[in-house]
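Note sheet for the following structure.
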Amino acid sequence: MIVFYGVEVSSRLLLGTARYPSPAVLERAIKESGAEIVTVSVRREGGASRAGQSFWSFVQSLGLRVLPNTAGCHSVQEAVTTAHMARELFDTTWIKLEVIGDADTLQPEIFGLVEAARILAQDGFEVFPYTTEDLVVADRLVEAGCRVLMPWGAPIGSARGLNNVYGLRSLRAHFPDIPLVVDAGLGVPSHAAAAMELGYDAVLLNTAVAEAGDPVAMARAFALAVEAGHTAFLAQPLEPRDMAQPSTPVIGRAVLGG
């Protein structure tokens with residue numbers, strides 16, 4: 001089990017809900033993944049016309065816990081305002097906080113992210129910040145009230161995997177008691193397994209499943225990879241070695257000569 005802000009969930013795979021070919025495919029992919037938490041863009045569901053109300057009703061029918069996000073926000077004010085919309089629309093204090101600083105890489109704007117996290121935490125939100133693997137930024141986010149950290153593996157939708165394994169490993173070591181979720185950049189199930197083998201608590205992905213040739217099969221593949229990676233971490237895998245070590249001992253073997 002993993003605990004986010006006092007809520008226990010059994011699945012360590014979180015899924016986004018955008019870019020799927022159809023709601024039916026999304027529903028089947030979620031079921032195959034075993035995910036219990038899905039992210040939903042507030043921009044997609046908001047607006048005076050409630051154009052996304054039918055989609056929100058569909059998500060509600062799945063019986064999942066919703067983690068609304070502030071995707072597309074580029075300033076503190078924009079992110080905070082969007083978070084308040086989310087709380088009203090989805091009736092939850094959970095918010096995946098995104099404050100984007102670069103249009104090409106979609107890298108978090110870390111200064112605004114920390115400020116927005118502090119404002120929202122003080123206002124009763126339970127913040128899931130989309131951040132980098134920077135230890136100092138992570139410290140500031142925890143000081144601001146975040147009890148979950150969501151560092152990227154690589155730029156959103158890039159499918160590049162874990163660009164900075166050293167940084168992610170350092171973050172895990174530095175925050176042993178904080179739930180850590182690799183968010184963004186994963187492309188194939190082996191990327192998810194690698195994140196879990198580092199000791200991360202969960203992974204969040206969207207594009208890798210939604211845009212696969214067969215999203216349903218890919219969702220299942222990621223579920224298996226997450227389970228395998230987490231099990232491997234618990235099993236304490238061997239550390240890399242500089243020298244070969246024979247698996248069959250040679251001490252005590254008879255020496256045959258001519």
T231 side, atom OG1; M196 side, atom CE - distance, nearest 0.5 Å: 8.5 Å
Side-chain heavy atoms of L205 within contact of L15, under 4.5 Å: yes
Closest approach of A219 to L13 (non-hydrogen atoms, all atoms of both residues): O-CD2, 4.2 Å
Rounded distance (nearest 0.5 Å) linking atom CD of E32 with atom CG of D214: 9.5 Å
pair V99-C73: side-chain heavy atoms closer than 4.5 Å: no
Taking every non-hydrogen atom, the tightest pair across V127 and A117: CG2-O, 4.2 Å
Exercise: do Q107 and T132 side chains pair donor with acceptor under 3.5 Å: no
Exceeds 12 heavy-atom contacts within 6.0 angstrom, atom CD of E197: yes
Donor-acceptor contact present, side-chain N206 to main-chain A18, <3.5 Å: yes
hydrophobic_cluster_shared for V9 and L62, side chain cutoff 4.5 Å: yes
More than 12 heavy atoms of other groups within 6.0 Å of E143 CD: yes
Expected output: side-chain T17 to main-chain T39 donor-acceptor under 3.5 Å: yes
Polar side-chain atom of E126 near backbone of F128 as donor-acceptor pair, under 3.5 Å: no
CG-CD1 distance between L14 and I37, expressed to the nearest 0.5 angstrom: 4.5 Å
Carboxylate-amine/guanidinium contact D201 R172, below 4.0 Å: yes
F233 reachable from L186 in the ILVMFWY side-chain graph, under 4.5 Å edges: no
Atom of N163, atom of P155 and distance for their closest heavy-atom approach: ND2-CD, 3.9 Å
Short side-chain to backbone donor-acceptor contact, S11 and G34, under 3.5 Å: yes
Rounded distance [0.5 Å steps], CD in Q236 versus CG in L238: 10.5 Å
V66-L120 co-clustered via ILVMFWY side chain contacts under 4.5 Å: yes
For the student: nearest non-hydrogen atoms of A86 and I95, plus distance: CB-CD1, 3.8 Å
side-chain contact (heavy atoms from CB on, under 4.5 Å) between M150 and V182, worked out: CA-CA 6 Å; M150 304 181 75; V182 170; over 6 Å; no
Residue pair P23 / F58: nearest heavy atoms and the distance that separates them: O-CZ, 3.3 Å
Any Y166 side-chain heavy atom under 4.5 Å of E133 side chain: no
Candidate pair L97 and L113, rule side-chain contact (heavy atoms from CB on, under 4.5 Å), full reasoning: CA-CA 8 Å; L97 179 62; L113 178 68; 3.8 Å; yes
Worked check of side-chain contact (heavy atoms from CB on, under 4.5 Å) between L198 and L162: CA-CA 11 Å; L198 291 176; L162 308 182; 4.1 Å; yes
Main-chain N/O of M1 paired with R12 side-chain donor or acceptor, under 3.5 Å: yes
V42 to F90 - nearest heavy-atom pair and separation: CG2-CE1, 4.2 Å
In one Ile/Leu/Val/Met/Phe/Trp/Tyr side-chain cluster, 4.5 Å: L171, V137: yes
Check: M218 and P189 side chains under 4.5 Å, non-hydrogen atoms: yes
Side-chain (R65) to main-chain (V38) donor-acceptor, under 3.5 angstrom: no
Backbone N/O of S10 and side chain of E36: donor-acceptor pair under 3.5 Å: yes
H74 backbone acceptor or donor facing E78 side chain under 3.5 Å: yes
Rounded distance [0.5 Å steps], CG in L67 versus CZ in F4: 9.0 Å
Hphob cluster co-occupancy, I178 + L204, side-chain heavy atoms under 4.5 angstrom: yes
Ring geometry between Y5 and W94 (parallel below 30°, tilted from 30 to 60°, perpendicular above 60°): tilted
Value rounded to 0.5 Å, distance of OH in Y130 from CD1 in I110: 12.5 Å
H174 side chain near D139 side chain, heavy-atom distance below 4.5 Å: yes
